[in-house]
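Have a look at the structure below before the remarks.
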Amino acid sequence: GAAALAGTSFPIDRHATAAALGFDRPTANSLDSVSDRDFALETLAAAAISAMHLSRLAEEIVIWMTPQFGFIALSDKFTTGSSIMPQKRNPDAAELSRAKVGRVAGAFQSLLMVMKGLPLAYSKDMQEDKEVTFDALDSFGLAVAAMSGMVEDLEPRVDVMRAAAGRGYSTATDLADWLVRELKLPFRDAHHVTGRVVSLAEGRGVELDALSLADLKSIEPRFRADALDVLSVDNSVKSRTSHGGTAPHNVRKMARGWVRKLEKAAVRV
């Protein structure tokens, strides 16, 4: 109902038209109606941000698939053989999804540059909004489908991941936290004590959970047997119970919440 730019003198009911078309309300300014492309820019911005996160997940999958990590396995549905190495499986779907963010973000920047110097009312430049928007949404939709399929298809190698989680003295912070919590040491002192424990383990070529209570007491006599519990990877993960933490109970609760939200959204659609 904005006509070419300034509305019309005919007695139309723009609210009725908006309702019939499924919109919440008509635009408040007729000049804005014909000169604005925020609906496309906001859609492309949201798609670009989402595609960026998909790209980061895709990068994780690519890394996790390498022999150096070996955290997950993907079936032939989402991998292809190497052109020269018969033993190698390439996570092509992840790599292609990772690349799509360039097209989606590029479309957002392209339309932003089209709009940046235009005066109010309609300009023919605006017809450039269609090609980049449709191409970006097609690319984004393909990436979403590919990543969804890969997440359903991948098989975690739990034993490999658990072993990796325990390397590099990863539970040293848990030990320092125990010293603060149980012995009331200032964290700087707990940090120093824990550093000496790590040095002891390094010198013996073992991980922290291989040390005995006697080993710990040789550095800090007030260590108790329950200090050994915090050195296990499983207990370390379980201890992250703060809101947003990654303890298994938290993760399961959050996953159930998202499943409920997605189910409600599917019903509305």
Side-chain angles (χ1 to χ4, degrees), residues 1-10 12-66 74 78-80 90-152 244 258 261-262 265-266 268-269:
L5 76 161
T8 178
S9 60
F10 290 98
I12 64 173
D13 185 346
R14 292 190 63 210
H15 291 277
T17 305
L21 293 173
F23 293 108
D24 293 333
R25 58 189 178 279
T27 53
N29 185 289
S30 59
L31 282 172
D32 186 55
S33 299
V34 298
S35 67
D36 174 72
R37 287 298 181 272
D38 283 2
F39 63 91
L41 286 167
E42 290 171 358
T43 299
L44 289 174
I49 293 170
S50 298
M52 176 270 294
H53 286 295
L54 285 180
S55 177
R56 296 178 69 182
L57 175 58
E59 172 67 3
E60 295 278 288
I61 290 175
V62 171
I63 292 173
W64 293 346
M65 279 283 293
T66 62
L74 285 168
F78 295 97
T79 61
T80 59
N90 296 318
D92 285 354
E95 293 173 0
L96 292 171
S97 296
R98 186 176 56 184
K100 292 299 182 183
V101 67
R103 294 180 69 163
V104 180
F108 171 62
Q109 287 296 325
S110 177
L111 184 54
L112 199 65
M113 293 303 100
V114 168
M115 298 300 298
K116 73 176 182 61
L118 299 183
L120 291 177
Y122 179 76
S123 297
K124 199 70 172 177
D125 312 49
M126 293 181 189
Q127 71 179 9
E128 290 296 316
D129 66 343
K130 312 296 187 300
E131 183 177 8
V132 293
T133 300
F134 295 156
D135 178 74
L137 295 182
D138 285 344
S139 296
F140 178 57
L142 184 61
V144 170
M147 293 303 295
S148 298
M150 275 188 292
V151 169
E152 291 181 355
W258 277 111
K261 288 182 180 180
L262 291 172
R268 286 197 299 270
V269 172

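Just so you know, residue 1 is the first one in the sequence shown, and it goes up from there.
Every residue two or more places apart in sequence or in another chain was checked for a salt bridge (charged side-chain N to carboxylate O under 4.0 Å, His left out) with Glu95, and none qualifies. Residues meeting the salt bridge (charged side-chain N to carboxylate O under 4.0 Å, His left out) test with Arg98, sequence neighbours left out: Glu59.
Across Ser123 and Pro119, no two heavy atoms sit closer than the pair OG-CD, 4.2 Å. Residue Val34 comes nearest to Ala2 through the heavy atom pair CG1-CB, 4.3 Å, listed as atom of the first residue, atom of the second, then distance.
Using a 4.5 Å heavy-atom cutoff, the side chains of Val132 and Val114 are not in contact. Ile12 has its side chain out of reach of Thr17: every pair of non-hydrogen atoms, C-beta onward, lies at least 4.5 Å apart. By the 4.5 Å heavy-atom criterion applied to side chains, Lys100 and Leu54 are not counted as neighbours.
By the neighbour-count criterion of 12 heavy atoms within 6.0 Å, atom CD of Glu60 is densely surrounded, having more than that number from other residues, nucleotides or ligands. Atom CZ of Phe39 has more than 12 heavy atoms from other residues, nucleotides or ligands within 6.0 Å.
Screening residues 34-52 for salt bridge (charged side-chain N to carboxylate O under 4.0 Å, His left out), with sequence neighbours left out, gives Arg37-Asp129.
Of the possible polar contacts, one joining the Ser97 side chain to the Ala93 backbone as a donor-acceptor pair under 3.5 Å is found. A donor-acceptor contact shorter than 3.5 Å links the side chain of Arg14 to the backbone of Thr27.
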Met126/Met115 under side-chain contact (heavy atoms from CB on, under 4.5 Å): CA gap, chis, key distance, verdict: CA-CA 7 Å; Met126 293 181 189; Met115 298 300 298; 4.0 Å; yes

